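The structure appears right after this line, and notes come after that.
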Amino acid sequence: MMKSQHRTPLRGDASAWAFSRRVFTEGMRDGVPIALGYFAVSFSLGIAARHAGFTPLQGFLASLFNNASAGEYAAFSLIASGATLAEVAIITLIANARYLLMSCALAQRFAPGTPFFHRLLIGYDVTDELFGITISRPGALNPYYTYGAILLAAPAWAMGTALGIMAGNLLPLRVVSALSVALYGMFLAIIIPPARQNRVVAALVLLSFAVSYACGVLPGIRALSEGTRTILLTVLLSAGAAVLFPIPVEEEEAHAQ
């Protein structure tokens, strides 16, 4: 009987994190639609950066080193209002706090013995979309897949911001709003495939939509920042799903191979 070519990486097995042209190009392929969406969305973000007094180069560097729409928009708004550096840092940390959860989830997917610098480099650009395509891959995480996606996504986000600053208020507001719709299209592209394959995932997606909307209108909880609400909902829904619908050990091992 022919043995399967796929195997679970052993401790210290460098093949789990070694460079693979196939894996790298797969990451670039999956990063193309993300990069296009990032370019469109960050273009409108650049307009907010211009209102805060950023030059195109400053906006480019800000987006290159902080690839986070909510965090950047909050920072640009605070800078425009004359907030202190400490206030900007704290609000940005709160707005981006959900990425801590995503990073913890990705950390569990690395093969044992993966060098620390791979974890550090991937941690540089953990976004909703890049997390979605990375975490959905079976087996141990090969960092070069994520590198391929980042190679396209990060520069597109930064260039979009710089061009948005240069364009300023030349574009009509309706056009800017239309560009922002691209981000929601990326979210749908990430969640629809797994939802179609698993009814539990589909139910959780619908439930998360409903609960998220409710939290945005209910007194008290709607006063929380969007990032804080996202963290609370992520923890509660994922914990509830883990308790009520645990993945059988056999199925988990099959996905790891």
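Here the structure is a predicted model, which means the values were calculated and not measured. Just so it is clear, the values below take in all heavy atoms, side chains as well, and ignore hydrogens, waters and symmetry mates. Numbers here simply count residues along the sequence, with the first being 1.
Taking OH of Tyr145 as the reference point, atom CZ of Arg29 lies at 7.0 Å (rounded to 0.5 Å). In this structure, CD on Glu26 lies 7.5 Å from OG on Ser20, to the nearest 0.5 angstrom. Considering CD1 of Ile133 and CG of Asp30, their distance stands at 5.5 Å, rounded to 0.5 Å. In this structure, Ile165 CD1 and Ser63 OG are separated by 7.5 Å, a value rounded to the nearest 0.5 Å. Rounding to the nearest 0.5 Å places CE of Met166 at 12.0 Å from CD1 of Ile47. For the atom pair CZ of Phe110 and CZ of Phe116, the computed distance is 10.5 Å after rounding to the nearest 0.5 Å.
Using a distance-only test at 3.5 Å, with no hydrogens or angles considered, no donor-acceptor pair links the side chain of Thr134 to the main chain of Phe131. No donor-acceptor distance shorter than 3.5 angstrom exists from the side chain of Thr92 to the backbone of Ala89, with no hydrogens or angles considered. No donor-acceptor pair closer than 3.5 Å links the side chain of Ser212 to the backbone N or O of Phe209. Arg109 contributes a side-chain N or O that, together with a main-chain N or O of Gly139, makes up a donor-acceptor pair within less than 3.5 Å.
Linking ILVMFWY residues whenever their side-chain heavy atoms come closer than 4.5 Å, directly or via other members, leaves Leu236 and Phe245 in distinct clusters. Follow the hydrophobic side-chain contacts under 4.5 Å out from Phe54 and you reach Leu57 in the same cluster. Note: the hydrophobic cluster containing Val88 also contains Phe65 (ILVMFWY, side chain heavy atoms under 4.5 Å, direct or indirect links). Both Met159 and Tyr124 are assigned to one and the same hydrophobic cluster, defined by single-linkage of ILVMFWY side chains at heavy-atom distances under 4.5 Å. In terms of hydrophobic clustering, with Ile, Leu, Val, Met, Phe, Trp and Tyr side chains grouped at heavy-atom distances under 4.5 Å, Leu100 and Val126 are assigned to different clusters.
A pairwise comparison of heavy atoms in Gly59 and Thr161 identifies O-CG2, 3.6 Å as the closest pair. Contact record, Ile34 with Ala153: CG2-CB, 4.1 Å, taken as the closest heavy-atom pair. Here the closest heavy-atom approach between residue Thr114 and residue Arg119 is recorded as O-NE, 3.6 Å. Across Leu204 and Ala241, no two heavy atoms sit closer than the pair CD1-CB, 3.4 Å. Shown here for Asn96 and Ala68, the closest heavy-atom pair between the two residues is OD1-CB, 3.4 Å. For Arg222 against Val217, the heavy-atom pair with the smallest separation is NH1-O, 3.3 Å.
Below 30°, between 30° and 60°, or above 60°: for Phe39 and Phe43 the angle between ring planes is between 30° and 60°, a tilted geometry. Ring orientation note: the planes of Tyr144 and Phe19 are nearly perpendicular, at an angle over 60° on the 30°/60° scale.
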Could you walk me through whether Phe24 and Leu151 pass side chain to side chain contact (heavy atoms under 4.5 Å, CB included), step by step? CA-CA 10 Å; Phe24 186 75; Leu151 182 64; 3.8 Å; yes
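In this structure the side chain of Arg21 reaches within 4.5 angstrom of the side chain of Thr25, judged on heavy atoms. The closest side-chain heavy-atom distance from Leu152 to Tyr38 is not below 4.5 Å. Side chains of Met102 and Ile135 form no contact here, defined as non-hydrogen atoms less than 4.5 Å apart. Within the 4.5 Å cutoff, no side-chain heavy atoms of Trp157 are placed close to those of Thr127. Counting heavy atoms from C-beta outward, Leu121 and Pro143 have side chains that stay 4.5 Å or more apart.
Atom CG of Leu120 has more than 12 neighbouring heavy atoms from other residues, nucleotides or ligands inside a 6.0 Å radius.
Remark: aromatic rings of Tyr73 and Phe76 are distant, center separation not under 6.0 Å.
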